[in-house]
Amino acid sequence: RKLLFAINERFADPGITCDMHVWSWVQDLYDGGPMKIVMDLDSGSLLNEGRDNVKGWDPPNVQCGLPDATRCDMDYYAYRDIKKGDELLIDYREFAFLDSWPAMGL
């Protein structure tokens, strides 16, 4: 919360603050570890959300971690060949605790 307020004060642009929150999620970084807020400021920010077998969603074509991995560890792999013009899609539920913002005070 302090980071978001500091960004807003420094840049006086609520849009930047909102973007930073949108690019963030809650995740434990190791099994049984504490929940942390993670922000994507690298190539992971190019991944949009996809869902398998859900009406209105395109299926993911990228996964977090190797097929036999039990954790994400911020390594991304394509399930199939990615063609020019394809959107990179991942199921955020593989690694993000989407309903955990209240536990983080946000």
| Does the Asp28 side chain pair with the main chain of Pro34, one donor and one acceptor, at a distance under 3.5 Å? | no
| query | Given the rule that I, L, V, M, F, W and Y join up when any side-chain heavy atoms are under 4.5 Å apart, are Phe11 and Val22 in one cluster? | reply | yes
| message | Within the structure provided, determine whether Met39 and Met20 are in side-chain contact (heavy-atom separation under 4.5 Å). | response | yes
| query | When rounded to the nearest 0.5 angstrom, what is the spacing between OG1 in Thr17 and CG in Leu3? | reply | 8.5 Å
| message | According to side chain to side chain donor-acceptor pair (under 3.5 Å), who are the partners of Glu94, at least two apart in sequence or on a separate chain? | response | none
| said: Would you call the rings of Tyr76 and Phe95 parallel, tilted or perpendicular, taking 30° and 60° as the class edges? | reply: perpendicular
| field | Reported NE2-to-CD1 distance for the pair His21 and Ile16, which is rounded to 0.5 angstrom | value | 16.0 Å
| said: Any non-hydrogen side-chain atom of Leu66 less than 4.5 Å from a side-chain atom of Tyr77? | reply: yes
| Can you tell if the side chain of Cys64 reaches within under 4.5 Å of the side chain of Ile90, non-hydrogen atoms only? | yes
| remark: Closest non-hydrogen atoms of Ser24 and Ile37, given as atom of the first, atom of the second and distance, are CB-CG2, 4.1 Å
| Heavy-atom side-chain contact between Asn61 and Ile82 under 4.5 Å | yes
| query | Is there a side-chain contact between Glu49 and Leu89 (heavy atoms, below 4.5 Å)? | reply | no
| query | For Gly65, does its backbone N or O pair with a side-chain atom of Gln63 as donor and acceptor, under 3.5 Å? | reply | yes
| said: Test side chain to side chain contact (heavy atoms under 4.5 Å, CB included) on Ile7 and Leu4; report intermediate values, then the result. | reply: CA-CA 5 Å; Ile7 295 294; Leu4 294 176; 5.6 Å; no
| field | Carboxylate-amine/guanidinium proximity below 4.0 Å for Asp86 and Arg80 | value | yes
| Partner residues of Arg10 under the side chain to side chain donor-acceptor pair (under 3.5 Å) criterion, sequence neighbours left out | none
| message | Restricting to non-hydrogen atoms, name the atom on Trp101 and the atom on Leu98 that form the minimum distance, rounded to 0.1 Å. | response | CD1-O, 4.0 Å
| query | Which atom pair, heavy atoms only, marks the closest approach of Met35 to Met104? | reply | O-CE, 3.8 Å
| Does a sphere of radius 6.0 Å around CG in Asp81 hold more than 12 heavy atoms from other residues, nucleotides or ligands, not counting ones at 6.0 Å or beyond? | no
| said: Quick check for you: to the nearest 0.5 Å, what is the distance between Tyr92 atom OH and Trp25 atom CH2? | reply: 8.5 Å
